[in-house]
Each structure stands twice: as C-alpha cells, then as structure tokens.
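In this chain, numbering begins with 1 at the start of the sequence shown. For ligands, and for the atoms within them, numbers begin at 1 and follow the listed sequence.
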Amino acid sequence: MANKIIVLASGNPHKVKEINEIAKGTGIEFVLPTGEFNPIENGLTFEENSLIKAKEAARISGKISLADDSGLCVEALNGEPGIYSARYAQTPQERINKLLKNLAPFGNRKAKFVCAMTLVNEKGEILHQVLGECHGKITDKQSGTNGFGYDPVFMPEGYNITMADMPEEQKNKISHRSIALNRMLDFIQNSNI
Ligand code: IMP
C-alpha cells in the first residue's frame, strides 16, 4: 500500500498511469487533482511552467503537488519548438510535418526531449525541482505508432529506431520524464514529507 500520496498537477489520466507505473514499488502514489484544473502556462521555461502547474494543483487541493512540463528542443532551430511543443501546429501530424519542413535545410539534426518537474508543499512553496533530458536526433522520415507527440521522428542516442518504434517499457527506461521522475522519487523517498 502507498504510504505517500501526492497530487499530480495534470488533467491527463494517461500521464498519472505512466508515472505510477514508473513509481511502482516506491510506496509513493500519484493522484489527479479533484476539481477544475486550469493553470495558465505563461512561463518562459519548462521549470517556470512546471512551477505554475504545481502551485495551481496545491491551491485547489491543499496537498503536496508535483507537476511536469516537457517538450522537444532542436539544436539547429535554436531550441524550437521548446515550451511551445504542444502548440507548434494544430494537430500532432501537422506538428511533425512542420518540424521536418523547418529542419529540411539543416544537416544538424541534433535534438533533445526535456522534462522539468517541480514538487511544492501545501502552500505552493518549492520543495524540489529536477530536470531530465533524453538526447537524440530528428529522423528524415517518421516511423512507428507507439507513444505520442514527436516520438515518430525522434531517434534516441545509441538506437537506430524511433521512440515510436519502441515498446512503452523501453521508452520508460530512457525518457526525459522517467529520468526526471526517478530523480524526484529519490528525493521524496529520502525526505520526510
Ligand atoms: P507535456 O508538458 O508533457 O504536456 O508535453 C508538451 C508537449 O511536448 C507534448 O504535447 C508533445 O508535443 C511534446 N512531448 C513531451 N514529451 C514527449 C514525449 O515523450 N514524446 C513525444 N513528444 C513529447
């Protein structure tokens, strides 16, 4: 049974499932906020946006809350789409098409997925903040149907398949989110919250 319950600042049941899967066996369980969760994500960095979401979850729940904010940063595009990853174009397929088109003139295909996580107390004060990164490159063509977002065009370093070609368990071992979460879980397990 979980002995630490933490609110996950998200409206996405898929995210809470994925995070609880990674946290299995730690005694920590994440639950979605009850009530309307509508943070205004107007920060300029992943860290700022994760703090905005964590504070909003603590405000509505009155409980210790964790938030993540993530995206894809492409070196030749000066870090774009970055914090605008979810809003780069209207649909997931249009976002991939736009990325491949904008990157077409460049030989440098280096990119990284970044995930910032912020844990706040009941009052919305920062307890801990971590960053996880997964480095790789953008492929010329998309491949694979697993995962979501930019997974079909992201090939992690040391692999010759895209993240969308990988089974979920394999992605969960190397993803920016799992790296950040494992750092955060270490902190939570070693603290007396
Ligand atoms: P969020 O902050 O986790 O909601 O992620 C914001 C956006 O970044 C998503 O809508 C995706 O476009 C992109 N993104 C974040 N994580 C991933 C991932 O693991 N795979 C593919 N795209 C991702």
inquiry  = Tell me whether the rings of His14 and Phe148 are parallel (<30°), tilted (30 to 60°) or perpendicular (>60°).
reply    =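 The rings of His14 and Phe148 stand perpendicular, inter-plane angle above 60°.
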Electrostatic pair Lys4:Glu29 at N-O distance under 4.0 angstrom =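 Salt bridge absent between Lys4 and Glu29.
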key: Sidechain N-carboxylate O distance under 4.0 Å for Arg59, Glu56   =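 Yes.
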query = When rounded to the nearest 0.5 angstrom, what distance separates CG in Leu8 from CG in Leu32?
reply =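 CG of Leu32 is found 6.5 Å from CG of Leu8.
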inquiry  = I need the full list of salt bridge (Lys or Arg N to Asp or Glu O under 4.0 Å) pairs touching residues 155-172, with sequence neighbours left out, sorted by first then second residue.
reply    =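 Qualifying pairs, neighbours excluded: Asp151-Lys171.
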ask   = Under a 4.0 Å heavy-atom cut-off, which residues neighbour ligand 1?
value =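 Only Lys15, Asp69, Ser70, Gly71, Ser85, Ala86, Phe113, Phe148, Gly149, Tyr150, Asp151, Lys171, His176, Arg177 have heavy atoms that fall under 4.0 Å of ligand 1, ordered by chain and number.
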message = My understanding is that only one of His135, His176, Glu133 makes a side-chain hydrogen bond (donor to acceptor under 3.5 Å, both in side chains) with Lys112; could you say which?
response =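 Exactly one pass, corresponding to Glu133.
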